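Treat the numbers as computed from the prediction; the structure is a model and nothing was measured. Residue numbers start from 1 in every chain, and the chains themselves are labelled A, B, ... in the order their sequence lines are given, proteins ahead of strands. The figures here come from the full heavy-atom set of this structure, side chains too, leaving out hydrogens, waters and symmetry mates.
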Protein chains: 2
Amino acid sequence: MPRPSEPTRERIVQAANSLFYSEGIRRVSVDEVAAKAGLTKRTLYYHFKSKDDLVAAYLAARDQPNLALFRKWFAEAEGGVPMKVEAIFKNLARSARHPKWKGCGFLRTSAELANMPGHPAIRIGAAHKKKFEDWLRATFAEQGIADPLKLARQILLLLDGSFAVVLLHRDASYMETAGEAARTLIETALGKPRRKRG
Amino acid sequence: MPRPSEPTRERIVQAANSLFYSEGIRRVSVDEVAAKAGLTKRTLYYHFKSKDDLVAAYLAARDQPNLALFRKWFAEAEGGVPMKVEAIFKNLARSARHPKWKGCGFLRTSAELANMPGHPAIRIGAAHKKKFEDWLRATFAEQGIADPLKLARQILLLLDGSFAVVLLHRDASYMETAGEAARTLIETALGKPRRKRG
DNA sequence: GTATGTATACTCACCAGTGAATATACACAA
DNA sequence: TTGTGTATATTCACTGGTGAGTATACATAC
């Protein structure tokens, strides 16, 4: 029954998302994605011109929801900016404890395609991270922080570091450690009184 | 002419190192590694029982030299512990500006094998990171820092974050940003006077 | 009767791992 | 010194399987 078009494409992207994220790009064949979406490979190739094209669509579909989630966690948290940023890490730690969690799809793809700098998937991943960095920078600028870009980048480094480390060690508590570090850095930049010791 | 044995194995591991690091595990075939080492695949399979075995050997060979380099950079740097740790990041930034740099082999492998938690390569990577963390912890403990493990983990998060971010954006300046963040965190833990602003 | 969408059944290339045979070095005996 | 056995080291040619992408035909809708 033809004429679904957009729903079909959507279904394929969702199948790709589920498989690529949990298994990795190269471990998943186009046939598997097609099967998961309930159609044949030839049909998939009607909707996407190549596997790379499908990979790009998979990442593009993760971009908005991920960022929205971060903003939501930030907005809903109690306290000032340091606590709100720390809340992002706490929520992330909760996600990371689910057995199906496999790190950050953008970073994993970038690691897998490290040798293809111009690949669409890399560009999408880089743009995604830049958007998050930019939102942080704007947030910090509103607080009158002297070098908001630098602080935003430091937080981003902690975030992406926690993705990598937690994936390797399968120990989500590193994410809470990252959150504490983020809070320390933000408080320092804000000129808050020195943190407790011992 | 037989009887070289160890040299041959060494040559294979070096070929594997060069190819796996720059292209990724799944993009490189056993044939390619064998060709680079100047022998046939069958010979390679005489020395290694499987590709996974070869991957493990590739990572094991990176362990010691990497850690030694970090310790060297630390030891040779001027100043106190905050500056010495920052020096690690500065040196890393210099490495990362070489065009052949492709991030951290351990993290890239862990991202590629995210679905095989028991894989030898993952265990070797995790052990490598733990060794570095442990060395940092001991170093901080000597300084009388209250929670040296927490601080060591925060630095590790910045380090691995900078690997991931620099690989994605191809912008090594993030490594220097990570170094500054590390210095801030260490100084805060040491109870140093608040850092300059503006 | 043309656009769109779907399926069957391919091609061609690659790749991990193996079977069977061969070459070299060294130990020890004659 | 020459022969013979044995562990080490290496090769050629292969198998079984998989995977990206396609040729062609069929169906449905407008």
Side-chain angles (χ1 to χ4, degrees), chain A residues 1-59 108-109 112-113 115-116 118-122, chain B residues 1-59 109 112-116 118-122:
Chain A
M1 51 285 283
R3 192 84 297 182
S5 191
E6 283 321 300
T8 300
R9 209 186 137 93
E10 193 56 30
R11 214 153 31 99
I12 296 171
V13 171
Q14 267 164 26
N17 181 42
S18 141
L19 289 169
F20 286 156
Y21 176 70
S22 73
E23 307 281 333
I25 307 293
R26 301 209 28 117
R27 297 188 75 83
V28 173
S29 70
V30 175
D31 286 276
E32 286 173 279
V33 176
K36 180 122 188 174
L39 31 76
T40 60
K41 179 165 57 171
R42 194 60 188 84
T43 303
L44 190 152
Y45 272 99
Y46 177 81
H47 292 277
F48 296 90
K49 115 177 189 306
S50 67
K51 187 178 181 179
D52 279 354
D53 193 23
L54 180 59
V55 171
Y58 142 65
L59 288 181
R108 293 227 340 269
T109 304
E112 223 172 327
L113 306 180
N115 231 28
M116 322 168 82
H119 195 289
I122 305 276
Chain B
M1 52 285 287
R3 189 87 298 177
S5 191
E6 284 319 302
T8 301
R9 209 186 138 96
E10 193 55 30
R11 213 152 32 99
I12 296 171
V13 171
Q14 266 163 27
N17 181 43
S18 142
L19 289 169
F20 286 155
Y21 176 70
S22 73
E23 308 281 334
I25 307 292
R26 302 211 24 118
R27 298 187 75 83
V28 173
S29 71
V30 175
D31 286 276
E32 286 174 278
V33 176
K36 180 125 189 170
L39 29 77
T40 56
K41 178 166 57 173
R42 197 65 185 81
T43 302
L44 190 153
Y45 272 99
Y46 175 81
H47 292 277
F48 297 90
K49 117 177 188 307
S50 65
K51 187 177 183 179
D52 280 352
D53 192 22
L54 180 58
V55 170
Y58 142 65
L59 288 180
T109 304
E112 222 172 326
L113 307 180
N115 231 28
M116 322 169 84
H119 194 290
I122 305 276

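- Phosphate contact (OP1/OP2 of C:dA7, side-chain N/O of A:Thr43, threshold under 4.0 Å): present.
- Atom CG in A:Leu44 sits roughly 15 Å away from atom P in C:dT8 (whole-Å rounding).
- Phosphate contact (OP1/OP2 of C:dG17, side-chain N/O of B:Tyr45, threshold under 4.0 Å): present.
- In terms of heavy atoms, B:Val28 sits closest to B:Lys51 at O-NZ, 2.7 Å.
- The backbone N or O of A:Gln14 lies less than 3.5 Å from no partner atom in the side chain of A:Ser18, so there is not a single donor-acceptor pair.
- At whole-Å resolution of the value, NZ in A:Lys51 and P in C:dC14 are 16 Å apart.
- For A:Glu32, the listed nucleotide lying nearest its side chain is D:dG19; candidates were C:dA16, D:dG19, D:dA20.
- When rounded to the nearest whole Å, the span between CZ of A:Arg26 and P of C:dC14 equals 12 Å.
- A heavy-atom distance below 4.5 Å is found between the side chains of B:Arg11 and B:Leu39.
- Taking 3.5 Å as the limit, the base of C:dG19 and the side chain of B:Arg42 contain a donor-acceptor pair of atoms between them.
- Closest to the A:Thr40 side chain, of the nucleotides D:dT11, C:dT8, C:dT4, is C:dT8.
- The side chain of B:Leu39 approaches D:dT11 more closely than any other nucleotide in the set C:dA16, C:dA7, D:dT11.
- Remark: side-chain polar atoms of A:Glu112 are paired, donor with acceptor, to backbone N or O of A:Ile25 under 3.5 angstrom.
- Side-chain atoms of A:Thr8 lie closest to C:dT6 of the nucleotides D:dT8, C:dT6, C:dA16.
- Contact check, B:Ser29 against C:dC14: no side-chain N or O comes under 4.0 Å of OP1 or OP2.
- Atom pair B:Ile25:CD1 and C:dA16:C1' shows a separation of 15 Å (rounding to whole Å applied).
- D:dT28 makes up no base pair with any nucleotide shown, lacking Watson-Crick or G-U wobble contacts both under 3.5 Å.
- Between D:dT8 and B:His47, no contact under 4.0 Å exists linking OP1 or OP2 to a side-chain N or O.
- Considering every non-hydrogen atom in both A:Tyr21 and A:Tyr58, the closest pair reads CA-OH, 3.5 Å.
- When rounded to the nearest whole Å, the span between CZ of A:Phe48 and P of D:dA20 equals 15 Å.
- Across all strands, A:Val28 comes closer than 4.0 Å only to sugar-phosphate atoms, never to a base (heavy-atom distances).
- Minimum interatomic distance between B:Lys36 and B:Ala15 (heavy atoms only, all atoms of both residues): CG-CB, 3.7 Å.
- When each of B:Gly38 and B:Lys41 is assigned the nucleotide of DNA chain D bearing its nearest heavy atom, the one mapping closer to the 5' terminus is B:Gly38.
- Partner assigned to D:dT2 is C:dA29, using Watson-Crick or G-U wobble distances below 3.5 angstrom.
- Atom NZ of A:Lys49 is separated from atom C1' of D:dG21 by 12 Å (rounded to the nearest Å).
- Considering only side-chain atoms of A:Tyr46, the nucleotide from C:dT4, D:dA9, D:dG21 that sits closest is C:dT4.
- Distance CZ (B:Arg27) to C1' (D:dA20): 13 Å, rounded to an integer number of Å.
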